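Step one of this worksheet: look at the structure below.
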Amino acid sequence: MARVRYGPRTAEELRAAREARARIPDIWSTGVIALWESDPDAVAQVLPPPLKPAARPLVRATISRVDLPGGHVLGAGSVAVRAVHNGQEGDYPLVMPMTTERALIGGREVFGEPKKLGEVVVRRSGDHVSAGLTRHGVSFVLVGGEVTEELPLPGEHENLDFYFKFLPAPDGSGLDGDAALVHCTRRGRTRSLHRVEGEVVLNESPYDPVADLPVRRLVDITLGERTSVQEGRIVERVAAEAVLPFVHQRYDDPMQVLDA
């Protein structure tokens, strides 16, 4: 009988997949990172409990081109606000546009990342840099400017992200259980870093309303080449009732969690 491809994988095939994952080489991205101070009340409003606002109301937009093995290219973006949990400071991403289904599914199902399909563009022409995040025909984040100087390379660095991992209930009653609060630690290296003098433009979008987090003071814009690995762990269970008012951050149609 011919093997049915939807049938179970053998133990050898599963082991080979794990070993192949362990052999993945460093994956480098070229990305623009813009950091700004926003309205403290606006930042506080987007944080589900038990996250708390950080001392500074910072918002970070990351827009990257990732060169994958085999010559494939991934566009990856994020808009996140600074938050604190149990005395640890990190970023809470509100939206993470990705250009491929594989990047979207892996991040959402494993870590609870708020990834959505979108367009992500990073371009450099001479000293001019432009980058943007676009969904549903709206470029809701645009960053542009001129490279002004090369910056010293930081050492190996570690960043923390907060995610809520949950699923809608199949009976349309909300969530199918309490959410998992995930601490995701990202350890990375940088091989080039430049300062960019420019601006951040936030355009109105009903699906990605980051314009509600205005640029009160631009802290900096950088262009860099980076590589990183990440590891997540569940640190707390959060009541579904506490998370439910915020699930529209994850879905374009906020009524999706009530679909039966």
Side-chain angles (χ1 to χ4, degrees), residues 29-48 51 53 56-66 73-83 91-101 103-105 107-108 111-125 128-146 161-164 196-224 245-257:
S29 65
T30 300
V32 170
I33 297 179
L35 184 69
W36 67 90
E37 288 186 353
S38 190
D39 184 292
D41 291 335
V43 171
Q45 285 188 51
V46 303
L47 295 173
L51 300 184
R56 296 177 69 190
L58 295 174
V59 183
R60 184 189 310 273
T62 303
I63 307 171
S64 300
R65 169 195 166 102
V66 185
V73 175
L74 163 69
S78 173
V79 178
V81 299
R82 203 68 176 163
D91 284 339
Y92 173 63
L94 296 169
V95 61
M96 301 177 71
M98 299 284 134
T99 58
T100 70
E101 183 183 41
L104 183 152
I105 291 174
R108 287 175 69 107
F111 297 100
E113 295 172 331
K115 290 184 172 180
K116 300 178 180 180
L117 285 176
E119 300 172 44
V120 181
V121 174
V122 179
R123 297 190 180 96
R124 178 174 181 177
S125 178
H128 183 72
V129 176
S130 61
L133 302 176
T134 301
R135 298 185 66 252
H136 300 291
V138 178
S139 296
F140 59 96
V141 178
L142 294 171
V143 181
E146 303 294 320
D161 282 348
F162 305 121
Y163 304 119
F164 288 90
V196 176
E197 294 293 335
E199 65 174 349
V200 176
V201 177
L202 306 177
N203 291 316
E204 172 59 31
S205 167
Y207 300 105
D208 304 289
V210 298
D212 290 349
L213 302 166
V215 181
R216 295 287 188 238
R217 187 179 77 86
L218 184 61
V219 177
D220 62 29
I221 303 173
T222 58
L223 172 68
F246 295 89
V247 297
H248 61 284
Q249 296 172 350
R250 183 75 54 89
Y251 303 102
D252 287 343
D253 180 0
M255 294 302 293
Q256 186 167 350
V257 295

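When a residue number appears, it is its place in the shown sequence, counting from 1. Fair warning: this is a prediction, and the values are worked out from it, not measured in the lab.
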Beyond-backbone contact of Phe140 with Val95, side-chain heavy atoms, under 4.5 angstrom: yes

Side-chain heavy-atom pair Val138, Asp208 within 4.5 angstrom cut-off: no

Note, Arg60 side chain near Val79 side chain (heavy atom, < 4.5 Å): no

Shortest non-hydrogen separation from Ser139 to Thr134 and the atoms involved: OG-OG1, 2.7 Å

Distance (rounded to the nearest 0.5 Å) between His128 NE2 and Glu146 CD: 6.0 Å

Rounded distance [0.5 Å steps], CD1 in Ile105 versus CE in Met98: 13.0 Å

Separation between OH of Tyr163 and CE of Met96, rounded to the nearest 0.5 Å: 4.0 Å

Heavy-atom side-chain proximity of Arg56 to Val219 below 4.5 angstrom: yes

Under 3.5 Å: donor-acceptor pair, side chain of Arg216, backbone of Trp36: no

Close side-chain approach of Val73 to Arg65, heavy-atom, < 4.5 Å: yes

Nearest heavy-atom neighbours spanning Ala76 and Val66: CB-CG2, 4.3 Å

Distance in Å, Phe246 CZ paired with Gln45 CD, rounded so as to fall on 0.5 Å steps: 9.0 Å

Atom of Ala103, atom of Lys115 and distance for their closest heavy-atom approach: O-NZ, 3.1 Å

Side chain to side chain contact (heavy atoms under 4.5 Å, CB included) between Thr99 and Glu119, worked out: CA-CA 6 Å; Thr99 58; Glu119 300 172 44; 5.6 Å; no

Taking every non-hydrogen atom, the tightest pair across Val141 and Ala61: CG1-CB, 4.2 Å

Check against side chain to side chain contact (heavy atoms under 4.5 Å, CB included), Val196 and Val32: CA-CA 9 Å; Val196 176; Val32 170; 5.9 Å; no

Gap between atom OG1 of Thr222 and atom CD1 of Ile33 - 0.5 Å precision: 5.0 Å

Thr62 OG1 to Leu133 CG distance, which is reported to the nearest 0.5 Å: 9.0 Å

Residue Arg250 excluded, over 12 heavy atoms near CZ under 6.0 Å: yes

Residues Gln249, Phe164; criterion side chain to side chain contact (heavy atoms under 4.5 Å, CB included); working and verdict: CA-CA 11 Å; Gln249 296 172 350; Phe164 288 90; over 6 Å; no

Whether Ser38 side chain and Val215 backbone form a donor-acceptor pair below 3.5 Å: no

Donor-acceptor under 3.5 Å (Arg123 side chain, Ser130 main chain): no

Closest non-hydrogen atom pair, Pro93 against Ala80: CA-CB, 3.5 Å

Heavy-atom pair with the smallest gap, counting every atom of Glu37 and Leu58: CG-CD2, 3.6 Å

Min side-chain heavy-atom separation Val46-Val81 under 4.5 Å: yes

Contact check, side chains of Thr30 and Leu223, non-hydrogen atoms, under 4.5 Å: yes

Student check: side-chain heavy atoms of His136 and Asp252 closer than 4.5 Å: yes

